[in-house]
Amino acid sequence: MKIFLDTANIEHIRHGVRLGVVTGVTTNPSLVSREGKVDYRKLVQEICAIVPGPVSTEVLGQDVKAMVTEAREIAKWADNVVVKIPASPEGVEATSVLARENIKVNFTLCFTLNQAVVAAEAGAKFVSPFVGRLDDIGEDGMRVVGDIVEYLNRCQLPTQVIAASIRHPHHCLMAAKTGAHIATVPYDVLLQMMRHPLTDIGIQRFRDDWNKVMTVGESG
Ligand code: E4P
């Protein structure tokens with residue numbers, strides 16, 4: 001499973017890429033607004049220059065014409081930019097238009113298998129089921145991810161699943177077990193994925209045992 005960072009924060013993205021594990025980024029209007037008043041285009045272009053893989057950024061228009069016009073403009077910003085289109089009926093139509101123009105779409109705010117079925121038919125490159133937001137209303141977000149993965153695999157469709165709205169490391173491991181192609185994770189969750197208290201205790205214990213008889217760096 002590939003790991004994308006769900007953020008518009010440059011420092012966090014730089015760190016994720018430095019780690020060698022983050023190959024893509026997803027942003028949305030809320031995440032961009034957290035960075036303060038920025039030049040949207042410049043920020044996205046900066047992210048695209050740092051990240052080796054796809055960088056999703058969302059349109060703000062709500063009708064088909066506005067979404068398509070915005071998406072065509074965003075698609076010119078960088079080679080690795082992907083346009084996020086919301087999973088509304090207007091979004092489906094916009095996705096079909098854009099897919100015919102070879103503009104890559106991440107079909108976002110997806111909450112059901114039906115929405116994913118439609119996204120794949122419309123030609124979306126990615127579909128993003130929002131796990132945490134479904135869990136928040138008492139539904140099983142990861143079950144929806146599993147259903148979508150199973151459907152796309154069975155029908156051998158090229159659309160890739162991005163498990164989104166990830167809230168904690170358990171979501172990540174479930175996404176991996178479920179067969180999601182990608183999980184897009186907040187920076188703090190990425191940090192949590194790499195840590196385990198037993199690893200920290202183990203490192204310390206090995207060091208303490210060594211130091212009881214030798215000094216660090218002494219080999220024998
Ligand atoms: C995905 O692409 C979205 O940016 C994101 O995962 C939304 O997550 P949230 O529910 O934590 O806002």
Side-chain angles (χ1 to χ4, degrees), residues 1-61 64-87 90-110 116 119-130 152 156-164 166 175 180-187 190:
M1 182 176 76
K2 291 197 186 312
I3 301 170
F4 288 3
L5 264 189
D6 197 27
T7 183
N9 183 282
I10 295 290
E11 287 320 307
H12 293 171
I13 292 168
R14 280 193 202 286
H15 184 209
V17 171
R18 243 186 3 253
L19 286 167
V21 295
V22 169
T23 52
V25 160
T26 54
T27 71
N28 63 42
S30 306
L31 292 171
V32 171
S33 70
R34 267 187 224 161
E35 302 309 305
K37 217 169 166 46
V38 290
D39 179 330
Y40 183 34
R41 177 188 173 138
K42 264 178 75 179
L43 178 68
V44 172
Q45 286 178 326
E46 192 176 354
I47 297 171
C48 287
I50 299 168
V51 179
V55 174
S56 294
T57 200
E58 196 152 342
V59 296
L60 290 161
V64 180
K65 196 163 174 266
M67 282 193 243
V68 168
T69 307
E70 233 181 295
R72 284 177 181 148
E73 180 54 32
I74 289 172
K76 292 183 205 149
W77 291 356
D79 287 344
N80 55 339
V81 84
V82 173
V83 185
K84 263 183 163 180
I85 301 284
E90 295 77 13
V92 174
E93 191 175 332
T95 299
S96 304
V97 173
L98 296 166
R100 282 197 295 271
E101 295 175 17
N102 290 322
I103 292 176
K104 293 188 185 83
V105 170
N106 175 352
F107 198 71
T108 190
L109 287 165
C110 172
E121 289 308 301
K125 168 95 181 151
F126 302 101
V127 61
S128 292
F130 274 35
L152 294 173
Q156 298 184 316
L157 293 165
T159 307
Q160 295 190 18
V161 177
I162 304 181
I166 295 286
H181 304 88
I182 300 144
T184 188
V185 305
Y187 180 68
L190 174 69

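Please read all numbers here as calculations on a predicted model, not as lab measurements. All residue numbers refer to positions in the sequence shown, counting from 1. These numbers come from the heavy atoms of this one structure, side chains and all, not from hydrogens, waters or symmetry mates.
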Does the side chain of [Y] come within less than 4.5 Å of [X]'s, by heavy atoms?
X    : Y    : answer
I10  : I50  : yes
V161 : I182 : no
D6   : V185 : no
K125 : V82  : no

query = Could you give all pairs that pass the side chain to side chain donor-acceptor pair (under 3.5 Å) test and reach residues 11-22, with sequence neighbours left out?
reply =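 Applying side chain to side chain donor-acceptor pair (under 3.5 Å) to every pair that reaches into residues 11-22, excluding sequence neighbours, yields H15-Y187.
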
What is the distance from atom [atom1] of [X] to atom [atom2] of [Y], rounded to the nearest 0.5 Å?
X    : Y    : atom1 : atom2 : answer
M1   : I162 : CE    : CD1   : 11.5 Å
T23  : N80  : OG1   : CG    : 11.0 Å
I13  : I47  : CD1   : CD1   : 4.0 Å
L43  : W77  : CG    : CH2   : 9.5 Å
M67  : E58  : CE    : CD    : 10.0 Å
L190 : F4   : CG    : CZ    : 13.5 Å

task = Indicate whether the side chain of T26 and that of S56 have a donor and an acceptor atom separated by less than 3.5 Å.
result =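 Judged by distance alone, the side chains do not pair up.
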
request  = Could you verify whether a donor N or O on one side chain and an acceptor N or O on the other, from T27 and T57, lie under 3.5 Å apart?
outcome  =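 There is such a pair between these side chains.
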
Trace of the side-chain contact (heavy atoms from CB on, under 4.5 Å) decision for R41 with E73 = CA-CA 10 Å; R41 177 188 173 138; E73 180 54 32; 3.5 Å; yes

Looking at every non-hydrogen atom in both residues, tell me the closest pair between [X] and [Y] and how far apart they are.
X   : Y    : result
P29 : L60  : CG-CD2, 3.5 Å
V59 : A71  : CG1-N, 3.9 Å
V83 : A75  : CG2-N, 4.5 Å
N28 : S30  : OD1-N, 2.9 Å
G61 : A66  : CA-CB, 3.9 Å
A87 : L109 : CB-O, 3.6 Å

task = Could you walk me through whether V44 and I74 pass side-chain contact (heavy atoms from CB on, under 4.5 Å), step by step?
result = CA-CA 9 Å; V44 172; I74 289 172; 5.7 Å; no

task = Scan T159, V127, L98 and name whichever one has a side-chain contact (heavy atoms from CB on, under 4.5 Å) with V105.
result =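 Answer to the side-chain contact (heavy atoms from CB on, under 4.5 Å) test with V105 among T159, V127, L98: L98.
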
task = Under the side-chain contact (heavy atoms from CB on, under 4.5 Å) rule, what do F126 and T108 come out as? Steps first, then yes or no, please.
result = CA-CA 8 Å; F126 302 101; T108 190; over 6 Å; no

request  = Apply side-chain contact (heavy atoms from CB on, under 4.5 Å) to the pair R72 and E101, showing each step before the final yes or no.
outcome  = CA-CA 9 Å; R72 284 177 181 148; E101 295 175 17; 2.6 Å; yes

task = Look at atom CG of D79 and say whether more than 12 heavy atoms of other residues, nucleotides or ligands are closer to it than 6.0 Å.
result =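 12 or below, so no.
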
